There are 2 protein chains.
Amino acid sequence: MTAPTQTRKARERAAREQLILDHARHMLAAQGYLDLNLDELARRVEYSKGTLYQHFSSKEDLVMAIAVQGMELRAGLFERAAAFRGSSSRERIQAFSVAAAQFSHEYPDYFEVETLVKIASFAGRASEERQNALGLGVGRCFRAVNAVVHAALAAGDLPADGLPPERIVFAIASVSIGSEIMGRLPALRLLAGIDELAWTVRANQCVLLDGLGWRPLSRDFDMAAVDRRLRAEVFPEATWLQV
Amino acid sequence: MTAPTQTRKARERAAREQLILDHARHMLAAQGYLDLNLDELARRVEYSKGTLYQHFSSKEDLVMAIAVQGMELRAGLFERAAAFRGSSSRERIQAFSVAAAQFSHEYPDYFEVETLVKIASFAGRASEERQNALGLGVGRCFRAVNAVVHAALAAGDLPADGLPPERIVFAIASVSIGSEIMGRLPALRLLAGIDELAWTVRANQCVLLDGLGWRPLSRDFDMAAVDRRLRAEVFPEATWLQV
DNA sequence: ATCTGAAATTGACCATCAGTCAAAAATGGA
DNA sequence: TCCATTTTTGACTGATGGTCAATTTCAGAT
């Protein structure tokens with residue numbers, strides 16, 4: 001088998017893997033993990049079940065592969081956000097707020113899967129390789145935010161005697177993911193009277209940043225104006241970002 | 001069958017249900033949902049599988065029942081916290097921070113299950129009855145916190161032009177649960193350098209409350225002293241609360 | 001065009017396990 | 001002691017994740 005043939009094969013294999021993942025993701029979003037049936041998936045992608053197992057070592061590995069792709073999409077958005085040149089570190093961190101909201105708006109299916117694999121029993125059942133890949137994506141997101149936090153500390157926009165930078169990143173991530181997860185519980189949505197989840201999540205993030213003492217505080221600059229710049233310069237696809 | 005016999009039967013039935021739930025919870029914590037085997041559970045509790053189904057309509061219903069008990073324990077702690085007479089609303093809200101930390105410290109297994117049932121596919125598979133029971137527990141927790149938020153607004157400890165009270169409860173819940181969930185991911189724990197999760201969670205909650213403008217701000221009162229009072233008056237069992 | 005060995009694909013098959021139900025056992029009042 | 005009722009049992013079933021020997025496809029050689 002010559003080299004060009006090899007690359008064509010690899011390309012076809014990658015295309016098939018993507019086909020499988022796309023169908024699996026849709027089925028997962030529609031029916032949930034417990035009702036995701038591999039026989040039906042094989043039927044839909046028009047390959048045999050045996051071929052599925054050429055790509056994934058188990059059902060959990062398949063789901064983990066979807067989570068990895070989602071995390072890579074998220075990391076891509078975060079790295080675009082990192083390139084935003086706001087006029088203060090507080091404006092730059094706002095870019096991640098939009099990036100996170102954009103992720104859960106554009107890829108709700110991926111978000112669900114991301115939540116799913118956080119369950120303990122998933123970690124041990126997926127292949128080592130994909131677990132590492134997920135960790136890599138998490139690391140990319142972490143570093144993107146971490147860089148801005150460090151810049152803020154260096155610039156004196158954050159109090160020097162506050163939380164250490166890594167804990168600040170952790171706090172921001174926690175309030176974001178926590179708000180998204182809680183906001184997906186119908187009971188709580190009703191109790192809290194939430195209609196537009198994206199804006200509720202962003203409000204919580206904003207409160208946290210103020211609590212960290214991240215200057216300028218939200219009342220001291222025009223967040224809507226920054227949103228407009230972000231829409232124009234970084235996330236033109238974020239149509240939900242009505243400003 | 002006379003009335004006393006009936007009550008004895010009901011008592012025995014309740015005791016057996018508790019036995020099943022206790023074993024199931026331990027197995028769930030040790031092996032995860034996917035490896036929770038009902039044949040093995042039946043063997044451990046020394047009843048047949050058929051008898052398990054006298055108590056629960058499905059495996060998901062069983063897990064939901066555990067979640068309900070966990071939520072009731074949590075609600076119990078929250079209602080004890082609500083009885084704390086702090087010298088300000090900010091001190092009173094701190095009681096919930098300790099209650100939440102105490103819950104995940106004393107009942108880590110219940111916490112895991114609580115997280116598990118947040119997955120969409122669980123909701124539809126458990127019995128209506130238990131889903132309602134869970135909603136009831138969530139409501140108890142919500143109302144306990146909500147009362148203090150309203151008191152704070154009435155007292156002017158929270159800015160009148162800030163988030164509406166229900167959204168404040170939502171924000172507090174989000175940062176708490178979000179921190180706990182993220183803090184259980186080994187990769188992120190490493191990146192953020194977290195060793196004592198309980199204190200990291202409480203730090204995040206504290207930052208959020210400051211961000212909400214909940215007076216007195218954390219720098220303006222002695223949180224450690226309030227912790228000492230809470231330990232002495234409300235949560236004597238909270239040995240982790242070294243103050 | 002045809003052959004051939006390697007690689008890829010298949011789907012019948014297997015093991016596991018949630019859930020069922022007819023038969024057996026236990027119960028409690030007469 | 002007996003009998004009707006309730007409770008318990010565990011063998012059985014169907015569904016499904018995962019395997020692998022048999023088949024098909026493929027690329028290069030003749």
Side-chain angles (χ1 to χ4, degrees), chain A residues 1-17 19-21 23-24 27-28 31-66 116-117 119 121-122 124-127 130, chain B residues 1-17 19-21 23-24 27-28 31-66 116-117 119 121-122 124-127 130:
Chain A
M1 205 183 286
T2 54
T5 304
Q6 290 257 28
T7 57
R8 195 203 73 217
K9 287 262 175 144
R11 216 167 44 234
E12 285 173 359
R13 188 187 155 83
R16 188 174 64 186
E17 187 156 316
L19 179 76
I20 297 168
L21 288 174
H23 275 89
M27 288 171 69
L28 208 50
Q31 313 162 249
Y33 176 76
L34 296 171
D35 288 323
L36 172 61
N37 183 316
L38 294 194
D39 284 297
E40 197 194 330
L41 176 60
R43 199 175 49 66
R44 289 206 196 183
V45 296
E46 296 181 305
Y47 285 98
S48 73
K49 195 155 59 160
T51 299
L52 298 189
Y53 280 86
Q54 293 263 337
H55 291 268
F56 312 103
S57 67
S58 67
K59 186 177 169 182
E60 289 77 29
D61 194 46
L62 165 65
V63 175
M64 187 66 86
I66 299 172
L116 183 63
V117 301
I119 300 165
S121 61
F122 254 79
R125 287 184 167 223
S127 66
R130 290 199 204 277
Chain B
M1 206 182 286
T2 54
T5 304
Q6 290 259 26
T7 58
R8 196 204 72 219
K9 288 259 176 144
R11 216 170 39 237
E12 286 173 359
R13 188 187 155 83
R16 188 173 64 185
E17 186 156 317
L19 179 76
I20 297 168
L21 288 173
H23 275 88
M27 289 171 69
L28 209 48
Q31 313 162 248
Y33 175 75
L34 296 172
D35 288 323
L36 173 61
N37 183 318
L38 294 194
D39 283 298
E40 196 194 331
L41 175 60
R43 198 176 49 67
R44 290 205 196 183
V45 298
E46 296 182 304
Y47 284 100
S48 73
K49 195 155 61 160
T51 300
L52 298 188
Y53 280 87
Q54 293 263 336
H55 292 267
F56 312 102
S57 67
S58 67
K59 186 177 168 183
E60 289 77 27
D61 195 46
L62 166 65
V63 174
M64 186 67 85
I66 299 172
L116 183 64
V117 301
I119 301 165
S121 61
F122 254 78
R125 286 184 168 224
S127 66
R130 291 200 203 276

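Note that the structure is a prediction, hence the values are computed from the model and not measured. Note on naming: letters A, B, ... go to the chains in the order of the sequence lines (proteins, then strands), and numbering restarts at 1 for each one.
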TODO: Starting at CG of A/Leu28, measure out to OH of A/Tyr33 and round the result to the nearest 0.5 Å.
DONE: 9.0 Å
Open item on the list: Checking contacts here: which listed nucleotide (D/dG18, C/dT9, C/dG19) is nearest the side-chain heavy atoms of A/Gln54?
Closed with: C/dT9
TODO: Rounded to the nearest angstrom, tell me the gap between atom OH in A/Tyr53 and atom C1' in D/dC20.
DONE: 14 Å
Open item on the list: From the set C/dC17, C/dG19, D/dT8, return the single nucleotide nearest to any side-chain atom of B/Asn37.
Closed with: C/dC17
- [ ] List in chain and number order the residues that pass side-chain hydrogen bond (donor to acceptor under 3.5 Å, both in side chains) with B/Arg16, two or more places apart in sequence or in another chain; answer none if no residue qualifies.
- [x] B/His55
- [ ] Take atom OH of B/Tyr33 and atom P of C/dC17, then tell me their distance rounded to the nearest Å.
- [x] 13 Å
- [ ] Identify whether any heavy atom of B/Leu62 sits under 4.0 Å from a base atom; if not, whether one sits that close to sugar-phosphate; answer base, sugar-phosphate or nothing.
- [x] nothing
Task: Approximate separation, where rounding is to 0.5 Å, of A/Thr51 OG1 and A/Arg13 CZ - done: 10.0 Å
Open item on the list: What is the separation between atom CG on A/Leu38 and atom P on D/dT19, rounded to the nearest whole Å?
Closed with: 11 Å
TODO: Specify the separation, in whole Å, of atom CG of B/Leu34 and atom P of C/dT16.
DONE: 17 Å
TODO: Select base, sugar-phosphate, or nothing to describe what A/Arg16 touches, counting heavy atoms under 4.0 Å on all strands.
DONE: sugar-phosphate
Task: B/Tyr53-B/Tyr47 aromatic ring centre distance below 6.0 Å - done: no
Task: Nucleotide nearest A/Lys59 (side chain, heavy atoms from C-beta), chosen from D/dG18, C/dG19, C/dT9 - done: D/dG18
TODO: Would you kindly give the CG-to-C1' distance between B/Asp39 and C/dT20, to the nearest whole Å?
DONE: 13 Å
Open item on the list: For the CD atom of B/Glu40 and the CD atom of B/Gln31, what is their distance to the nearest 0.5 Å?
Closed with: 5.5 Å
- [ ] Not counting sequence neighbours, which residues clear salt bridge (charged side-chain N to carboxylate O under 4.0 Å, His left out) with B/Lys59? List them please.
- [x] none
TODO: Using atom CZ of A/Phe56 as one end and atom P of D/dT19 as the other, report the distance to the nearest whole Å.
DONE: 15 Å
Task: NZ/NE/NH1/NH2 to OD/OE distance under 4.0 Å, B/Asp61 and B/Arg125 - done: no
Open item on the list: Please list, in numerical order, the residues of residues 40-52 of chain A that have a heavy atom closer than 4.0 Å to any atom of DNA chain C.
Closed with: A/Tyr47, A/Ser48, A/Gly50, A/Thr51
TODO: Would you kindly give the CG-to-C1' distance between A/Asp35 and D/dG17, to the nearest whole Å?
DONE: 14 Å
Task: Atom-to-atom span, NE2 of A/His55 to P of D/dG18 - whole angstrom - done: 16 Å
